[in-house]
Amino acid sequence: MKNILLATFMALFSLSGFAQEKANKNAKQSITVKGNCEMCKKRIEKAAFAVKGVRSAVWSSETQKLELLINENKTDSKKVQKAIANIGHDTEAYKAEQKDYDALHGCCQYVRD
């Protein structure tokens, strides 16, 4: 009898651990961010990591893509894109204000649409 109760308790305990893991849902996302160089890369990734819930952020100047891993319970890609636009880089959802774009170093200023 003790063994059955112990086995039932262990099964329920392990299932609750899986439920908690699923609650912290991490999602991979790819967004377009305009930029040119390594200074842009550092700035873009720093702005992304400043948003609470961003687990990973890697930007490529060749593809103009920011690969994100975010905790969807804490943030979404729109918040990350807004943070990046605030430092002068256009994203697929937000265009940076002209004053923020003008504040970028000369080599970081890209052709705007």
Just by distance, do the side chain of [X] and the backbone of [Y] share a donor-acceptor pair under 3.5 Å?
X: Glu97; Y: Asn86; answer: no
X: Arg112; Y: Lys34; answer: no
X: Gln29; Y: Leu68; answer: no
X: Asp76; Y: Lys79; answer: yes
X: Glu92; Y: Ile31; answer: no

| remark: Between Val54 and Thr75 the two heavy atoms that sit nearest each other are N-CG2, 4.4 Å

| query | Looking only at heavy atoms, which two atoms of Gln81 and Ala93 are closest? And how far apart? | reply | OE1-N, 2.9 Å

| note | When rounded to the nearest 0.5 Å, the distance separating CD1 of Ile70 from NZ of Lys25 is 10.0 Å

| message | I need the Arg55 CZ to Asn26 CG distance, nearest 0.5 Å. | response | 5.0 Å

Can you give me every donor-acceptor pair (side chain of residues 39-50, partner residue at least two apart or in another chain, under 3.5 Å) with its distance?
| from | atom 1 | to | atom 2 | distance (Å) |
| --- | --- | --- | --- | --- |
| Lys41 | NZ | Glu45 | OE2 | 2.6 |
| Lys41 | NZ | Trp59 | O | 2.9 |
| Arg43 | NH1 | His89 | NE2 | 2.9 |
| Glu45 | OE2 | Trp59 | N | 2.8 |

| message | Apply side chain to side chain donor-acceptor pair (under 3.5 Å) to residues Ser30 and Glu67 and explain how you reach the verdict. | response | CA-CA 5 Å; Ser30 179; Glu67 303 297 330; 3.0 Å; yes

| message | Pair Val33, Gln64 - check side-chain contact (heavy atoms from CB on, under 4.5 Å), show working. | response | CA-CA 6 Å; Val33 180; Gln64 301 286 291; over 6 Å; no

| said: Is there a side-chain contact between Leu66 and Val58 in this structure, where contact means two heavy atoms from C-beta onward sitting under 4.5 Å apart? | reply: no

Please output the side-chain donor-acceptor pairs of residues 104-111 that fall under 3.5 Å, not counting sequence neighbours, one pair per line with the distance.
| from | atom 1 | to | atom 2 | distance (Å) |
| --- | --- | --- | --- | --- |
| His105 | ND1 | Cys107 | N | 3.3 |
| Gln109 | NE2 | Tyr101 | O | 3.4 |
| Gln109 | NE2 | Asp102 | O | 3.3 |
| Gln109 | NE2 | Leu104 | O | 3.3 |
| Tyr110 | OH | Gly88 | O | 3.1 |
| Tyr110 | OH | Asp90 | N | 2.8 |
| Tyr110 | OH | Asp90 | OD1 | 3.4 |

